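The structure appears below as C-alpha coordinates.
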Amino acid sequence: MPLLATTPVEKMNGPYPRRWWALLVLCLSLLIVVMANTSLIVAAPDMTADLGLSSSDLQWVIDGYTVPYAALMLVLGAIGDKYSRRGALIAGLVIFAGGSVMGSLVEETGLVIAARAVMGVGAAVVMPATLSLLVAVFPRGERARAITAWTATSGLAIAVGPLVAGWLLEDHAWGSTFLVNVPIAVLAVVGALALVPPSRAVGMGRIDYVGGLLSIVSVGSLVYASIEGPHFGWGAGPVAAAVVAAVGLVAFVAWELRHPHPMLDVRRFLQRPFSGSMLAVLFFFFGTYGAIYYATQFLQFVLGFGALETGVRLLPLAGAVFVGAAVTGRLTPRLGVKAMVGSGMAIGTAGVFLLVLIDQGSTYADFLAPMLLLGLAIGLSVSPATDTIMGTFPESELGVGGGANDTALELGGSLGIAVLGSLLGTAYRDELGSLVGDRLPAAALDTAQDSVGGGLAVAQRLATDPAAGPEQAQALTDAVGRAFAHGVSTTSLVGGIIMAAGTLIVLAVLPGRRRHAAGNAAGDETAPAVPEPENGDSAR
(Lines give C-alpha, C1' and ligand atoms only; values in the text may rest on other atoms or scores of the structure.)
Protein backbone atom coordinates (compact mmCIF):
# COMPACT_ATOMS: atom_id res chain seq x y z
CA MET A 1 0.00 0.00 0.00
CA PRO A 2 1.59 3.35 -1.04
CA LEU A 3 2.31 5.92 1.64
CA LEU A 4 0.84 8.74 -0.45
CA ALA A 5 -2.34 8.87 -2.52
CA THR A 6 -1.03 9.91 -5.94
CA THR A 7 -3.50 8.56 -8.52
CA PRO A 8 -6.02 11.28 -9.49
CA VAL A 9 -9.68 10.38 -9.08
CA GLU A 10 -10.40 11.12 -12.73
CA LYS A 11 -7.91 8.44 -13.82
CA MET A 12 -9.33 5.64 -11.66
CA ASN A 13 -11.31 2.85 -13.31
CA GLY A 14 -13.49 2.19 -10.26
CA PRO A 15 -14.31 3.63 -6.85
CA TYR A 16 -11.34 4.71 -4.76
CA PRO A 17 -10.58 1.77 -2.38
CA ARG A 18 -9.71 3.94 0.64
CA ARG A 19 -12.58 6.38 0.23
CA TRP A 20 -13.97 5.83 3.74
CA TRP A 21 -10.56 6.64 5.25
CA ALA A 22 -10.47 9.71 3.02
CA LEU A 23 -13.89 10.67 4.41
CA LEU A 24 -12.42 10.52 7.93
CA VAL A 25 -9.79 13.10 6.90
CA LEU A 26 -12.41 15.34 5.30
CA CYS A 27 -14.61 15.15 8.41
CA LEU A 28 -11.63 15.95 10.65
CA SER A 29 -10.90 19.03 8.53
CA LEU A 30 -14.53 20.07 8.70
CA LEU A 31 -14.58 19.54 12.47
CA ILE A 32 -11.98 22.18 13.33
CA VAL A 33 -13.44 24.71 10.88
CA VAL A 34 -16.88 24.53 12.52
CA MET A 35 -15.42 24.26 16.03
CA ALA A 36 -13.68 27.59 15.51
CA ASN A 37 -17.13 29.15 15.17
CA THR A 38 -18.59 27.63 18.33
CA SER A 39 -15.67 27.29 20.75
CA LEU A 40 -15.26 31.04 21.05
CA ILE A 41 -18.73 31.37 22.59
CA VAL A 42 -17.58 29.85 25.89
CA ALA A 43 -14.17 31.57 25.72
CA ALA A 44 -15.82 35.00 25.35
CA PRO A 45 -16.02 35.81 29.09
CA ASP A 46 -12.30 35.14 29.63
CA MET A 47 -11.35 37.11 26.52
CA THR A 48 -13.58 40.01 27.56
CA ALA A 49 -11.99 40.20 31.00
CA ASP A 50 -8.41 39.80 29.77
CA LEU A 51 -8.56 42.14 26.76
CA GLY A 52 -11.12 44.59 28.15
CA LEU A 53 -13.41 44.01 25.19
CA SER A 54 -16.40 46.22 24.58
CA SER A 55 -19.60 44.73 23.19
CA SER A 56 -18.52 45.86 19.71
CA ASP A 57 -15.04 44.39 20.14
CA LEU A 58 -16.40 41.02 21.23
CA GLN A 59 -18.85 40.93 18.35
CA TRP A 60 -16.04 41.46 15.84
CA VAL A 61 -13.72 38.97 17.55
CA ILE A 62 -16.44 36.42 16.87
CA ASP A 63 -17.51 37.67 13.45
CA GLY A 64 -14.07 38.58 12.11
CA TYR A 65 -14.02 34.89 11.20
CA THR A 66 -17.43 34.96 9.55
CA VAL A 67 -17.05 37.73 6.95
CA PRO A 68 -14.17 36.22 4.88
CA TYR A 69 -15.50 32.72 5.54
CA ALA A 70 -18.88 33.46 3.96
CA ALA A 71 -17.65 35.83 1.23
CA LEU A 72 -14.83 33.75 -0.24
CA MET A 73 -16.18 30.19 -0.37
CA LEU A 74 -17.73 30.36 -3.85
CA VAL A 75 -14.59 31.75 -5.51
CA LEU A 76 -12.16 29.52 -3.65
CA GLY A 77 -14.30 26.48 -4.41
CA ALA A 78 -14.00 27.29 -8.14
CA ILE A 79 -10.22 27.72 -7.83
CA GLY A 80 -10.03 24.32 -6.15
CA ASP A 81 -12.00 22.81 -9.05
CA LYS A 82 -9.66 24.37 -11.59
CA TYR A 83 -6.28 23.51 -10.06
CA SER A 84 -6.51 20.95 -7.24
CA ARG A 85 -9.21 20.16 -4.71
CA ARG A 86 -6.78 18.32 -2.45
CA GLY A 87 -4.26 21.13 -2.85
CA ALA A 88 -6.95 23.60 -1.82
CA LEU A 89 -7.76 21.50 1.25
CA ILE A 90 -4.12 21.39 2.34
CA ALA A 91 -3.53 25.08 1.63
CA GLY A 92 -6.63 26.00 3.60
CA LEU A 93 -5.55 23.90 6.58
CA VAL A 94 -2.12 25.58 6.57
CA ILE A 95 -3.68 29.07 6.46
CA PHE A 96 -6.13 28.10 9.19
CA ALA A 97 -3.33 26.77 11.41
CA GLY A 98 -1.28 29.93 10.82
CA GLY A 99 -4.19 32.13 11.91
CA SER A 100 -4.67 29.92 14.97
CA VAL A 101 -1.02 30.33 16.01
CA MET A 102 -1.32 34.09 15.55
CA GLY A 103 -4.49 34.19 17.63
CA SER A 104 -2.86 32.29 20.49
CA LEU A 105 0.10 34.70 20.68
CA VAL A 106 -1.35 38.20 20.25
CA GLU A 107 -2.73 40.28 23.11
CA GLU A 108 -4.35 43.22 21.33
CA THR A 109 -7.97 43.28 20.22
CA GLY A 110 -7.23 44.36 16.66
CA LEU A 111 -4.68 41.59 16.19
CA VAL A 112 -7.06 38.97 17.60
CA ILE A 113 -9.69 40.08 15.09
CA ALA A 114 -7.04 39.92 12.32
CA ALA A 115 -6.09 36.40 13.39
CA ARG A 116 -9.72 35.36 13.28
CA ALA A 117 -9.99 36.83 9.78
CA VAL A 118 -6.98 34.79 8.64
CA MET A 119 -8.62 31.69 10.08
CA GLY A 120 -11.79 32.62 8.19
CA VAL A 121 -9.86 32.74 4.90
CA GLY A 122 -8.45 29.28 5.61
CA ALA A 123 -11.91 27.98 6.49
CA ALA A 124 -13.28 29.39 3.23
CA VAL A 125 -10.77 27.20 1.35
CA VAL A 126 -11.28 24.08 3.49
CA MET A 127 -15.07 23.97 3.68
CA PRO A 128 -15.97 23.69 -0.04
CA ALA A 129 -12.93 21.48 -0.66
CA THR A 130 -14.18 18.88 1.83
CA LEU A 131 -17.55 18.65 0.12
CA SER A 132 -16.24 18.67 -3.45
CA LEU A 133 -13.68 15.96 -2.64
CA LEU A 134 -16.37 13.88 -0.95
CA VAL A 135 -18.60 14.00 -4.04
CA ALA A 136 -15.64 13.36 -6.35
CA VAL A 137 -14.42 10.32 -4.40
CA PHE A 138 -17.68 8.53 -3.65
CA PRO A 139 -19.84 6.87 -6.30
CA ARG A 140 -23.41 8.05 -6.49
CA GLY A 141 -24.80 5.02 -4.64
CA GLU A 142 -22.70 5.75 -1.55
CA ARG A 143 -22.72 9.51 -1.67
CA ALA A 144 -25.81 10.06 0.48
CA ARG A 145 -24.26 8.06 3.34
CA ALA A 146 -21.00 9.97 3.05
CA ILE A 147 -22.79 13.32 3.08
CA THR A 148 -24.77 12.17 6.11
CA ALA A 149 -21.48 11.52 7.93
CA TRP A 150 -20.23 14.95 6.80
CA THR A 151 -23.39 16.61 8.12
CA ALA A 152 -23.21 14.70 11.42
CA THR A 153 -19.65 15.94 11.86
CA SER A 154 -20.82 19.52 11.39
CA GLY A 155 -23.48 19.01 14.05
CA LEU A 156 -20.99 17.29 16.35
CA ALA A 157 -18.64 20.26 16.07
CA ILE A 158 -21.37 22.63 17.27
CA ALA A 159 -21.32 20.82 20.63
CA VAL A 160 -17.70 19.65 20.72
CA GLY A 161 -16.31 23.16 20.18
CA PRO A 162 -17.62 24.52 23.50
CA LEU A 163 -16.69 21.26 25.26
CA VAL A 164 -13.06 21.31 24.12
CA ALA A 165 -12.77 25.05 24.78
CA GLY A 166 -14.27 24.61 28.23
CA TRP A 167 -11.86 21.81 29.07
CA LEU A 168 -8.88 23.90 27.99
CA LEU A 169 -10.07 26.96 29.90
CA GLU A 170 -10.10 25.00 33.15
CA ASP A 171 -6.28 25.19 33.31
CA HIS A 172 -5.18 27.43 30.44
CA ALA A 173 -5.71 30.93 29.08
CA TRP A 174 -8.10 31.67 26.23
CA GLY A 175 -5.23 31.49 23.73
CA SER A 176 -5.28 27.71 24.12
CA THR A 177 -8.65 27.59 22.32
CA PHE A 178 -6.81 28.88 19.22
CA LEU A 179 -3.72 26.72 19.61
CA VAL A 180 -5.61 23.43 19.87
CA ASN A 181 -6.44 23.73 16.16
CA VAL A 182 -2.81 23.41 15.11
CA PRO A 183 -2.09 19.71 15.86
CA ILE A 184 -5.47 18.74 14.40
CA ALA A 185 -4.72 20.70 11.23
CA VAL A 186 -1.28 19.07 10.94
CA LEU A 187 -2.85 15.62 11.36
CA ALA A 188 -5.42 16.47 8.68
CA VAL A 189 -2.69 17.62 6.25
CA VAL A 190 -0.77 14.37 6.73
CA GLY A 191 -3.99 12.39 6.33
CA ALA A 192 -4.89 14.30 3.16
CA LEU A 193 -1.55 13.47 1.56
CA ALA A 194 -1.79 9.80 2.54
CA LEU A 195 -5.49 9.05 2.08
CA VAL A 196 -7.21 11.69 -0.08
CA PRO A 197 -6.53 11.28 -3.81
CA PRO A 198 -5.82 14.29 -6.05
CA SER A 199 -8.86 15.63 -7.87
CA ARG A 200 -9.59 18.45 -10.26
CA ALA A 201 -12.22 19.28 -12.85
CA VAL A 202 -11.60 17.85 -16.31
CA GLY A 203 -11.99 20.26 -19.21
CA MET A 204 -12.91 23.24 -17.03
CA GLY A 205 -12.67 26.57 -18.82
CA ARG A 206 -11.37 29.88 -17.52
CA ILE A 207 -12.56 30.97 -14.10
CA ASP A 208 -15.08 33.79 -14.11
CA TYR A 209 -13.12 36.11 -11.84
CA VAL A 210 -15.41 39.09 -12.45
CA GLY A 211 -18.39 37.08 -11.23
CA GLY A 212 -16.26 35.87 -8.35
CA LEU A 213 -15.35 39.41 -7.36
CA LEU A 214 -19.00 40.47 -7.50
CA SER A 215 -19.97 37.53 -5.28
CA ILE A 216 -17.29 38.49 -2.74
CA VAL A 217 -18.48 42.11 -2.65
CA SER A 218 -22.15 41.13 -2.40
CA VAL A 219 -21.88 38.45 0.29
CA GLY A 220 -19.17 40.26 2.26
CA SER A 221 -21.14 43.50 2.33
CA LEU A 222 -24.34 41.69 3.29
CA VAL A 223 -22.67 39.87 6.19
CA TYR A 224 -20.98 43.08 7.38
CA ALA A 225 -24.26 45.02 7.29
CA SER A 226 -26.14 42.23 9.06
CA ILE A 227 -23.56 42.18 11.85
CA GLU A 228 -22.93 45.89 12.29
CA GLY A 229 -26.40 47.35 11.67
CA PRO A 230 -28.60 45.34 14.09
CA HIS A 231 -26.04 45.44 16.90
CA PHE A 232 -24.61 48.95 16.70
CA GLY A 233 -27.12 50.99 14.75
CA TRP A 234 -27.78 51.69 11.09
CA GLY A 235 -25.24 54.41 10.60
CA ALA A 236 -23.49 55.36 7.38
CA GLY A 237 -21.26 52.25 7.32
CA PRO A 238 -23.94 49.53 7.60
CA VAL A 239 -26.34 51.38 5.30
CA ALA A 240 -23.63 51.81 2.66
CA ALA A 241 -22.74 48.12 3.00
CA ALA A 242 -26.38 47.11 2.53
CA VAL A 243 -26.62 49.26 -0.61
CA VAL A 244 -23.38 47.79 -1.97
CA ALA A 245 -24.70 44.28 -1.27
CA ALA A 246 -27.93 44.99 -3.17
CA VAL A 247 -26.20 46.61 -6.14
CA GLY A 248 -23.55 43.89 -6.16
CA LEU A 249 -26.19 41.15 -6.20
CA VAL A 250 -28.00 42.72 -9.17
CA ALA A 251 -24.69 43.13 -11.01
CA PHE A 252 -23.70 39.54 -10.18
CA VAL A 253 -26.96 38.12 -11.57
CA ALA A 254 -26.74 40.27 -14.72
CA TRP A 255 -23.13 39.28 -15.31
CA GLU A 256 -23.69 35.57 -14.71
CA LEU A 257 -26.67 35.48 -17.08
CA ARG A 258 -24.52 36.89 -19.92
CA HIS A 259 -21.24 35.06 -19.22
CA PRO A 260 -20.64 31.91 -21.32
CA HIS A 261 -18.97 30.15 -18.37
CA PRO A 262 -20.40 31.76 -15.22
CA MET A 263 -18.97 31.31 -11.74
CA LEU A 264 -22.44 30.20 -10.62
CA ASP A 265 -25.16 29.69 -13.20
CA VAL A 266 -28.00 31.58 -11.54
CA ARG A 267 -30.49 29.80 -13.81
CA ARG A 268 -29.92 26.86 -11.50
CA PHE A 269 -32.20 28.61 -9.01
CA LEU A 270 -35.07 27.85 -11.39
CA GLN A 271 -34.64 24.21 -10.40
CA ARG A 272 -36.97 23.73 -7.45
CA PRO A 273 -34.91 20.98 -5.74
CA PHE A 274 -31.85 23.24 -5.76
CA SER A 275 -33.51 26.50 -4.70
CA GLY A 276 -35.65 24.77 -2.08
CA SER A 277 -32.64 23.01 -0.57
CA MET A 278 -30.59 26.23 -0.53
CA LEU A 279 -33.43 28.03 1.27
CA ALA A 280 -33.73 25.14 3.72
CA VAL A 281 -30.04 25.33 4.66
CA LEU A 282 -30.19 29.13 5.03
CA PHE A 283 -33.38 29.23 7.14
CA PHE A 284 -32.39 26.26 9.24
CA PHE A 285 -29.02 27.59 10.31
CA PHE A 286 -30.52 31.04 10.86
CA GLY A 287 -32.66 29.63 13.66
CA THR A 288 -30.26 27.01 14.95
CA TYR A 289 -27.13 29.13 15.29
CA GLY A 290 -29.10 31.99 16.83
CA ALA A 291 -30.77 29.72 19.40
CA ILE A 292 -27.52 27.99 20.39
CA TYR A 293 -25.80 31.37 20.66
CA TYR A 294 -28.15 32.80 23.28
CA ALA A 295 -28.88 29.47 25.03
CA THR A 296 -25.15 29.12 25.70
CA GLN A 297 -25.04 32.61 27.18
CA PHE A 298 -27.97 31.79 29.48
CA LEU A 299 -26.21 28.66 30.72
CA GLN A 300 -23.03 30.61 31.47
CA PHE A 301 -24.21 33.97 32.72
CA VAL A 302 -27.60 33.29 34.29
CA LEU A 303 -27.23 29.70 35.51
CA GLY A 304 -23.57 30.23 36.34
CA PHE A 305 -22.08 27.19 34.62
CA GLY A 306 -18.38 27.31 33.84
CA ALA A 307 -16.98 26.89 30.34
CA LEU A 308 -16.45 23.12 30.70
CA GLU A 309 -19.82 22.61 32.40
CA THR A 310 -21.50 24.47 29.55
CA GLY A 311 -19.71 22.37 26.93
CA VAL A 312 -20.78 19.14 28.65
CA ARG A 313 -24.39 20.30 28.70
CA LEU A 314 -24.37 20.84 24.94
CA LEU A 315 -23.43 17.20 24.26
CA PRO A 316 -27.05 15.97 24.03
CA LEU A 317 -27.35 18.15 20.92
CA ALA A 318 -24.50 16.21 19.31
CA GLY A 319 -26.06 12.89 20.26
CA ALA A 320 -29.37 13.95 18.73
CA VAL A 321 -27.57 14.91 15.50
CA PHE A 322 -26.30 11.35 15.14
CA VAL A 323 -29.75 9.92 15.81
CA GLY A 324 -31.24 12.20 13.17
CA ALA A 325 -28.47 11.30 10.71
CA ALA A 326 -29.13 7.58 11.21
CA VAL A 327 -32.87 8.07 10.70
CA THR A 328 -32.53 10.23 7.58
CA GLY A 329 -30.11 7.73 6.03
CA ARG A 330 -32.83 5.08 6.21
CA LEU A 331 -35.94 7.14 5.50
CA THR A 332 -34.87 9.59 2.78
CA PRO A 333 -34.72 6.90 0.05
CA ARG A 334 -38.25 5.81 1.05
CA LEU A 335 -39.97 9.11 1.80
CA GLY A 336 -38.02 11.56 -0.35
CA VAL A 337 -36.12 14.78 0.25
CA LYS A 338 -39.15 17.01 0.76
CA ALA A 339 -40.55 14.88 3.57
CA MET A 340 -37.25 14.70 5.44
CA VAL A 341 -36.24 18.33 4.98
CA GLY A 342 -39.72 19.54 5.89
CA SER A 343 -39.88 17.27 8.95
CA GLY A 344 -36.47 18.40 10.13
CA MET A 345 -37.31 22.06 9.74
CA ALA A 346 -40.62 21.59 11.57
CA ILE A 347 -38.86 19.85 14.46
CA GLY A 348 -36.21 22.58 14.58
CA THR A 349 -38.95 25.22 14.61
CA ALA A 350 -40.60 23.46 17.54
CA GLY A 351 -37.27 23.47 19.37
CA VAL A 352 -36.90 27.23 18.94
CA PHE A 353 -40.50 27.84 20.01
CA LEU A 354 -39.93 25.84 23.22
CA LEU A 355 -37.40 28.46 24.29
CA VAL A 356 -40.29 30.94 24.52
CA LEU A 357 -41.05 29.26 27.88
CA ILE A 358 -37.70 30.35 29.39
CA ASP A 359 -38.06 32.60 32.42
CA GLN A 360 -36.00 33.66 35.43
CA GLY A 361 -36.63 30.36 37.22
CA SER A 362 -35.61 28.15 34.29
CA THR A 363 -32.92 25.51 34.77
CA TYR A 364 -30.81 23.42 32.42
CA ALA A 365 -33.67 20.93 32.14
CA ASP A 366 -35.70 23.58 30.32
CA PHE A 367 -33.02 23.76 27.62
CA LEU A 368 -32.60 20.02 27.20
CA ALA A 369 -35.68 19.37 25.04
CA PRO A 370 -35.00 22.32 22.69
CA MET A 371 -31.40 21.19 22.19
CA LEU A 372 -32.47 17.61 21.52
CA LEU A 373 -35.00 18.81 18.95
CA LEU A 374 -32.46 21.11 17.26
CA GLY A 375 -29.89 18.33 17.08
CA LEU A 376 -32.43 15.87 15.69
CA ALA A 377 -33.49 18.47 13.13
CA ILE A 378 -29.89 19.00 11.96
CA GLY A 379 -29.44 15.28 11.45
CA LEU A 380 -32.74 14.85 9.63
CA SER A 381 -32.75 17.77 7.21
CA VAL A 382 -29.29 19.08 6.38
CA SER A 383 -27.91 15.91 4.81
CA PRO A 384 -30.66 15.41 2.18
CA ALA A 385 -30.64 19.14 1.41
CA THR A 386 -26.86 19.14 0.88
CA ASP A 387 -27.03 15.95 -1.19
CA THR A 388 -29.66 17.57 -3.41
CA ILE A 389 -27.61 20.74 -3.85
CA MET A 390 -24.46 18.86 -4.79
CA GLY A 391 -26.40 16.58 -7.12
CA THR A 392 -27.30 19.51 -9.38
CA PHE A 393 -23.66 20.36 -10.17
CA PRO A 394 -21.56 18.62 -12.84
CA GLU A 395 -18.07 17.31 -12.12
CA SER A 396 -16.44 20.52 -13.29
CA GLU A 397 -18.30 22.58 -10.67
CA LEU A 398 -18.18 20.47 -7.50
CA GLY A 399 -16.15 23.10 -5.65
CA VAL A 400 -18.64 25.77 -6.68
CA GLY A 401 -21.45 23.50 -5.50
CA GLY A 402 -19.75 23.04 -2.15
CA GLY A 403 -19.17 26.78 -1.96
CA ALA A 404 -22.84 27.52 -2.70
CA ASN A 405 -24.05 25.07 -0.04
CA ASP A 406 -21.58 26.32 2.55
CA THR A 407 -22.30 29.98 1.77
CA ALA A 408 -25.99 29.36 2.46
CA LEU A 409 -25.04 27.61 5.71
CA GLU A 410 -22.66 30.30 6.91
CA LEU A 411 -24.84 33.19 5.72
CA GLY A 412 -27.83 31.73 7.54
CA GLY A 413 -25.81 31.21 10.71
CA SER A 414 -24.27 34.67 10.69
CA LEU A 415 -27.64 36.30 10.01
CA GLY A 416 -29.19 34.27 12.82
CA ILE A 417 -26.58 35.32 15.36
CA ALA A 418 -26.67 38.94 14.19
CA VAL A 419 -30.42 39.46 13.85
CA LEU A 420 -31.58 37.31 16.77
CA GLY A 421 -28.65 38.51 18.89
CA SER A 422 -29.68 42.09 18.20
CA LEU A 423 -33.30 41.36 19.15
CA LEU A 424 -32.07 39.68 22.32
CA GLY A 425 -29.93 42.69 23.22
CA THR A 426 -32.78 45.13 22.63
CA ALA A 427 -35.29 43.11 24.67
CA TYR A 428 -32.75 42.66 27.48
CA ARG A 429 -31.86 46.35 27.50
CA ASP A 430 -35.47 47.53 27.60
CA GLU A 431 -36.52 45.06 30.29
CA LEU A 432 -33.53 45.82 32.52
CA GLY A 433 -34.20 49.54 32.17
CA SER A 434 -37.79 49.07 33.32
CA LEU A 435 -36.64 46.94 36.29
CA VAL A 436 -33.74 48.97 37.69
CA GLY A 437 -33.54 52.12 35.57
CA ASP A 438 -34.50 54.35 38.48
CA ARG A 439 -32.11 52.71 40.96
CA LEU A 440 -28.76 52.90 39.19
CA PRO A 441 -26.54 55.82 38.18
CA ALA A 442 -26.66 56.53 34.44
CA ALA A 443 -23.13 55.24 33.77
CA ALA A 444 -23.72 52.01 35.69
CA LEU A 445 -27.05 51.50 33.95
CA ASP A 446 -25.45 51.94 30.52
CA THR A 447 -22.82 49.32 31.36
CA ALA A 448 -25.41 46.91 32.73
CA GLN A 449 -27.64 47.32 29.68
CA ASP A 450 -24.77 46.74 27.25
CA SER A 451 -24.73 42.98 27.88
CA VAL A 452 -25.61 40.38 30.46
CA GLY A 453 -21.91 40.10 31.31
CA GLY A 454 -21.78 43.86 31.86
CA GLY A 455 -24.81 43.68 34.15
CA LEU A 456 -23.23 41.00 36.30
CA ALA A 457 -19.96 42.98 36.43
CA VAL A 458 -21.84 46.02 37.74
CA ALA A 459 -23.50 43.81 40.36
CA GLN A 460 -20.08 42.59 41.51
CA ARG A 461 -18.89 46.16 41.93
CA LEU A 462 -22.00 47.04 43.91
CA ALA A 463 -21.33 44.16 46.29
CA THR A 464 -18.05 45.78 47.37
CA ASP A 465 -19.37 49.34 47.37
CA PRO A 466 -20.18 50.51 50.95
CA ALA A 467 -22.88 52.80 49.58
CA ALA A 468 -24.70 49.88 47.95
CA GLY A 469 -23.91 46.54 49.56
CA PRO A 470 -24.77 42.87 48.91
CA GLU A 471 -28.54 43.34 48.94
CA GLN A 472 -28.53 45.87 46.10
CA ALA A 473 -26.00 43.74 44.22
CA GLN A 474 -28.26 40.68 44.54
CA ALA A 475 -31.24 42.71 43.41
CA LEU A 476 -29.37 43.76 40.27
CA THR A 477 -28.20 40.17 39.65
CA ASP A 478 -31.79 38.98 39.85
CA ALA A 479 -32.92 41.75 37.53
CA VAL A 480 -30.21 40.89 35.00
CA GLY A 481 -31.30 37.24 35.03
CA ARG A 482 -34.94 38.19 34.65
CA ALA A 483 -34.20 40.64 31.84
CA PHE A 484 -32.05 38.16 29.94
CA ALA A 485 -34.66 35.42 30.31
CA HIS A 486 -37.23 37.87 28.95
CA GLY A 487 -34.87 38.55 26.03
CA VAL A 488 -34.45 34.83 25.30
CA SER A 489 -38.21 34.26 25.37
CA THR A 490 -39.00 37.25 23.15
CA THR A 491 -36.24 36.47 20.67
CA SER A 492 -37.26 32.80 20.46
CA LEU A 493 -40.79 33.83 19.56
CA VAL A 494 -39.50 35.92 16.65
CA GLY A 495 -36.98 33.26 15.65
CA GLY A 496 -39.64 30.56 15.74
CA ILE A 497 -41.98 32.62 13.56
CA ILE A 498 -39.18 33.17 11.01
CA MET A 499 -38.35 29.46 11.08
CA ALA A 500 -42.02 28.52 10.64
CA ALA A 501 -42.35 30.89 7.67
CA GLY A 502 -39.14 29.46 6.22
CA THR A 503 -40.48 25.93 6.61
CA LEU A 504 -43.65 26.81 4.70
CA ILE A 505 -41.63 28.50 1.95
CA VAL A 506 -39.31 25.51 1.61
CA LEU A 507 -42.23 23.08 1.47
CA ALA A 508 -43.85 25.19 -1.23
CA VAL A 509 -40.66 25.33 -3.32
CA LEU A 510 -39.41 21.75 -2.99
CA PRO A 511 -41.12 19.39 -5.45
CA GLY A 512 -42.87 16.27 -4.24
CA ARG A 513 -41.16 12.93 -4.57
CA ARG A 514 -42.96 11.92 -7.75
CA ARG A 515 -42.35 15.23 -9.50
CA HIS A 516 -38.71 15.22 -8.39
CA ALA A 517 -38.26 11.70 -9.76
CA ALA A 518 -39.97 12.66 -13.01
CA GLY A 519 -37.73 15.70 -13.29
CA ASN A 520 -34.67 13.55 -12.82
CA ALA A 521 -35.84 11.09 -15.45
CA ALA A 522 -37.17 13.45 -18.11
CA GLY A 523 -35.58 16.79 -17.20
CA ASP A 524 -37.30 19.69 -15.49
CA GLU A 525 -38.78 21.99 -18.14
CA THR A 526 -38.17 25.03 -15.96
CA ALA A 527 -34.57 24.19 -15.26
CA PRO A 528 -31.52 24.82 -17.40
CA ALA A 529 -29.73 21.87 -18.80
CA VAL A 530 -26.86 20.87 -16.56
CA PRO A 531 -24.09 19.07 -18.41
CA GLU A 532 -23.04 15.68 -17.08
CA PRO A 533 -19.57 14.18 -17.34
CA GLU A 534 -18.98 11.91 -20.30
CA ASN A 535 -19.09 8.77 -18.17
CA GLY A 536 -22.48 9.85 -16.79
CA ASP A 537 -21.36 9.70 -13.15
CA SER A 538 -20.70 13.01 -11.46
CA ALA A 539 -19.02 11.20 -8.59
CA ARG A 540 -15.91 11.32 -10.64
Side-chain angles (χ1 to χ4, degrees), residues 40-59 61-62 109 162 165-166 169-170 173-174 177 231-232 292-314 355 358-364 366-367 417 420-492:
L40 209 64
I41 294 175
V42 297
D46 284 9
M47 295 182 71
T48 300
D50 190 34
L51 297 174
L53 300 178
S54 66
S55 177
S56 176
D57 290 337
L58 178 59
Q59 190 66 41
V61 166
I62 294 172
T109 302
L169 291 169
E170 289 288 299
W174 56 263
T177 62
H231 279 282
F232 311 114
I292 292 173
Y293 174 73
Y294 54 74
T296 303
Q297 290 188 67
F298 194 98
L299 295 179
Q300 285 189 281
F301 289 109
V302 179
L303 298 184
F305 292 121
L308 178 58
E309 293 172 316
T310 300
V312 170
R313 282 163 177 79
L314 291 177
L355 291 171
I358 296 299
D359 57 28
Q360 187 179 8
S362 294
T363 65
Y364 169 67
D366 297 296
F367 287 88
I417 291 176
L420 297 182
S422 175
L423 289 172
L424 174 68
T426 300
Y428 163 78
R429 188 180 305 112
D430 292 345
E431 183 70 8
L432 186 64
S434 67
L435 292 172
V436 298
D438 58 346
R439 287 179 279 166
L440 285 178
L445 180 62
D446 286 343
T447 301
Q449 288 181 307
D450 185 56
S451 66
V452 61
L456 295 176
V458 172
Q460 289 178 347
R461 290 199 295 270
L462 289 177
T464 59
D465 185 350
E471 291 186 4
Q472 189 171 348
Q474 185 59 50
L476 178 57
T477 299
D478 293 341
V480 167
R482 179 177 171 182
F484 195 75
H486 169 77
V488 168
S489 178
T490 302
T491 304
S492 298

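Values reported hereafter were calculated over all heavy atoms of this structure, with side chains retained and with hydrogens, waters and symmetry mates removed. The first residue of the sequence shown is numbered 1, and numbering continues consecutively from there. All figures in this text were calculated on a predicted structure; none of them were measured in a lab.
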Roughly how far, to the nearest 0.5 Å, is CG of L445 from CG of D438? 9.5 Å
Testing the basics here: between L423 and T491, what is the closest heavy-atom pair and its distance to 0.1 Å? C-OG1, 3.6 Å
Is there a donor-acceptor contact under 3.5 Å from the side chain of S489 to the main chain of A485? no
Using 30° and 60° as the class boundaries, would you call the ring planes of F484 and Y428 parallel, tilted or perpendicular? perpendicular
Nearest heavy-atom pair of L435 and A479: which atoms, and what distance? CD1-O, 3.7 Å
Mind checking the CG-CZ spacing from L456 to R461? Nearest 0.5 Å is all I need. 11.0 Å
At what distance, to the nearest 0.5 angstrom, does OG of S451 lie from CZ of R429? 9.5 Å
Q300 side chain to T310 main-chain N or O, any donor-acceptor pair under 3.5 Å? no
Distance check, rounded to the nearest 0.5 Å: I417 atom CD1 versus L424 atom CG? 12.0 Å
Test item: D50 and W174 side chains (from C-beta on) under 4.5 Å apart, heavy atoms: yes
Inter-residue atom distance T477.OG1 - R482.CZ, 0.5 Å rounding: 14.5 Å
Decide whether a cation-pi geometry holds between R313 and F367; the criteria are a distance under 6.0 Å from NZ or CZ to the six-membered ring centre and an angle within 45° of the ring axis. no
So, T447 versus D450: side-chain donor-acceptor pair below 3.5 Å or not? no
